[in-house]
Asks: 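Dropping the structure in here first, questions after.
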2 protein chains.
Amino acid sequence: MATDPDPGTPAAPRARERSTRQFEAVRDELARGDDFRSAQDIHASLGARGTAVGLATVYRALQTLADSGAADSLRSPAGQAVYRVCGQVHHHHLVCRSCGRTVEVQGLAVERWAEKTAGANGFSDVEHTVELTGTCTPCRTTSS
Amino acid sequence: MATDPDPGTPAAPRARERSTRQFEAVRDELARGDDFRSAQDIHASLGARGTAVGLATVYRALQTLADSGAADSLRSPAGQAVYRVCGQVHHHHLVCRSCGRTVEVQGLAVERWAEKTAGANGFSDVEHTVELTGTCTPCRTTSS
DNA sequence: TGCCATACTGATAACGATTCTCATTTTCAG
DNA sequence: CTGAAAATGAGAATCGTTATCAGTATGGCA
């Protein structure tokens with residue numbers, strides 16, 4: 001092997017250095033709506049719009065976006081990764097388990113709790129992930 | 001094709017009618033811990049324990065359990081479906097991003113916030129997932 | 001402006017998780 | 001005990017996602 005020339009930045013393969021039509025296309029398509037969309041979906045929409053972009057490239061672009069914080073990603077109950085453009089404001093998601101409708105929520109309470117709890121256990125530089133899942137009003141009345 | 005003889009119950013294949021060693025084994029294995037576990041994991045544990053159960057059967061049992069409300073299920077960030085017996089003491093995890101050390105934490109504050117936030121948005125039957133990631137004291141002093 | 005190293009793309013193979021198929025085994029009512 | 005039907009399990013089939021790798025295009029530089 002004798003791998004690892006390791007110039008000093010061991011694990012940072014995620015930094016776009018050139019701008020391309022394809023990457024912009026994916027970014028734009030994602031920004032076109034504010035809902036969570038799957039890679040396959042984006043790929044299809046792009047194709048339908050005439051701006052064909054390879055599926056692999058869509059996956060890469062989406063990952064890069066999520067990685068740089070420009071997009072949020074999570075797993076749909078069906079098991080697909082879904083992405084959405086993300087505002088700068090830190091927030092969490094409240095997702096309907098039935099229709100998938102998503103609401104952005106914020107909570108000073110959680111933020112504080114996270115800080116406090118972590119600190120109390122000797123942890124620093126805390127990040128947190130919070131997912132709320134429930135049934136929204138329309139779905140509740142419909143299905144029962 | 002002339003398909004669909006349709007005897008009258010088109011979509012209700014989810015009702016266990018006979019009890020079997022395999023189903024019990026899966027149920028027990030899941031109950032043995034109170035964490036979320038993947039089907040593959042359960043299958044492996046079962047095998048290691050000498051109580052071999054087919055992978056397909058594990059998947060079926062887990063689905064049936066989740067379906068009947070005896071288990072909770074969600075998708076891990078890795079994209080796997082994970083299951084947990086319902087009715088355990090609810091807690092969250094504080095994980096060190098460096099050494100992987102995990103601390104179980106509880107927080108009335110989050111629980112309340114989750115309830116309140118969901119309710120305010122018209123959601124009911126709320127579940128929540130919280131993950132805290134940070135750097136623990138030993139790791140902080142070591143690496144810097 | 002033209003050249004070149006190399007980042008990016010895209011078709012396709014590889015992969016891992018989950019579901020489906022179907023022959024065989026097991027359960028349970030009579 | 002017997003038979004019909006449920007349940008199992010090994011392996012094939014799916015499906016979403018990632019890895020490969022040769023070809024293309026971008027941006028720095030002469």
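By convention in this document, chain letters (A, B, ...) are assigned in the order of the sequence lines, proteins followed by strands, and residues within each chain are numbered from 1.
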Asks: Can you tell me how far P of dT17(D) sits from CG of Leu55(A), to the nearest Å?
Replies: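 So the CG-P distance, Leu55(A) to dT17(D), works out to 9 Å.
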Asks: Per the salt bridge (Lys or Arg N to Asp or Glu O under 4.0 Å) rule, what does the pair list look like for residues 19-31 of chain A, sequence neighbours excluded?
Replies: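 As it turns out, the salt bridge (Lys or Arg N to Asp or Glu O under 4.0 Å) pairs with a partner in residues 19-31 of chain A, which skip direct neighbours, are Glu29(A)-Arg32(A), Glu29(A)-Arg37(A), Glu29(A)-Arg49(A).
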Asks: When the distance from CD of Gln63(A) to P of dT17(D) is rounded to whole Å, what number comes out?
Replies: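 Between P of dT17(D) and CD of Gln63(A): 10 Å.
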Asks: Please list, in 5' to 3' order, the outermost nucleotides of DNA chain C lying under 4.0 Å from any heavy atom of chain B.
Replies: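 It runs dA17(C) to dC28(C).
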Asks: Can you work out whether Gly79(B) or Thr57(A) has the more 5'-proximal nearest nucleotide on DNA chain C?
Replies: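 With Gly79(B) and Thr57(A) compared, the 5'-side residue is Thr57(A).
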Asks: Rounding to an integer number of Å, can you tell me how far Leu46(B) CG sits from dT8(D) P?
Replies: 12 Å
Asks: Determine whether a donor-acceptor pair (N or O, by modelled atom type, separation under 3.5 Å) exists between the side chain of Thr64(A) and the backbone of Arg60(A).
Replies: yes
Asks: Check for me whether the distance between the ring centres of His93(A) and Phe36(A) falls short of 6.0 Å.
Replies: yes
Asks: Of all the nucleotides listed (dT20(D), dG27(D), dT8(D)), which has the minimum atom distance to the side chain of Thr20(B)?
Replies: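 Given the options dT20(D), dG27(D), dT8(D), the side chain of Thr20(B) is closest to dT8(D).
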Asks: Between dA5(D) atom C1' and Arg16(B) atom CZ, what is the distance in whole Å?
Replies: 14 Å
Asks: Report the distance from atom CG of Leu30(A) to atom CG of Asp35(A), rounding to the nearest 0.5 Å.
Replies: 10.5 Å
Asks: Using heavy atoms to find the nearest nucleotide of DNA chain C for Ala56(B) and Ser19(B) separately, return the residue whose nucleotide is more 5′.
Replies: Ala56(B)
Asks: Give a yes/no on whether any side-chain N or O of Tyr59(A) is located under 4.0 angstrom from OP1 or OP2 of dT18(D).
Replies: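 For dT18(D), OP1/OP2 do not have a side-chain N/O of Tyr59(A) under 4.0 Å.
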Asks: Short of 4.0 Å, heavy atom to strand atom, which residues of residues 21-29 of chain A count as contacting DNA chain C?
Replies: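 Output list: Arg21(A), Gln22(A), Phe23(A).
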Asks: With a 4.5 Å limit on heavy-atom distance, are the side chains of Phe23(A) and Val26(A) in contact?
Replies: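 With C-beta onward as the side chain, the pair stays apart.
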Asks: Would a line drawn from the ring center of His128(B) to the ring center of His92(A) be shorter than 6.0 Å?
Replies: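 Distance test on ring centres: not under 6.0 Å, no.
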Asks: Mind checking if Ser38(A) touches a base, just sugar-phosphate, or nothing, with heavy atoms under 4.0 Å?
Replies: nothing
Asks: If I take atom CG from residue Leu132(A) and atom SG from residue Cys96(A), how far apart are they, to the nearest 0.5 angstrom?
Replies: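 Between Leu132(A) CG and Cys96(A) SG, I get 12.5 Å after rounding to 0.5 Å.
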Asks: If the cut-off is 4.0 Å, is Thr64(B) near the phosphate of dA7(D), judged by side-chain N/O to OP1 or OP2?
Replies: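 Result: no.
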Asks: Report the C-alpha distance between Arg84(A) and Glu104(A) in whole Å, list the side-chain angles of each, state the deciding distance to 0.1 Å, and finish with yes or no for salt bridge (charged side-chain N to carboxylate O under 4.0 Å, His left out).
Replies: CA-CA 12 Å; Arg84(A) 186 182 63 170; Glu104(A) 284 190 5; 2.9 Å; yes
Asks: Can you check the Arg60(A) CZ to dT24(D) P distance for me, whole Å?
Replies: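 In whole Å, dT24(D) P lies 16 Å from Arg60(A) CZ.
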Asks: Does Gln63(A) reach the side chain of Tyr83(A), with side-chain heavy atoms less than 4.5 Å apart?
Replies: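 Gln63(A) vs Tyr83(A): side chains touch.
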Asks: Is there a donor on the side chain of Arg18(A) or the base of dG28(D) sitting less than 3.5 Å from an acceptor on the other?
Replies: no
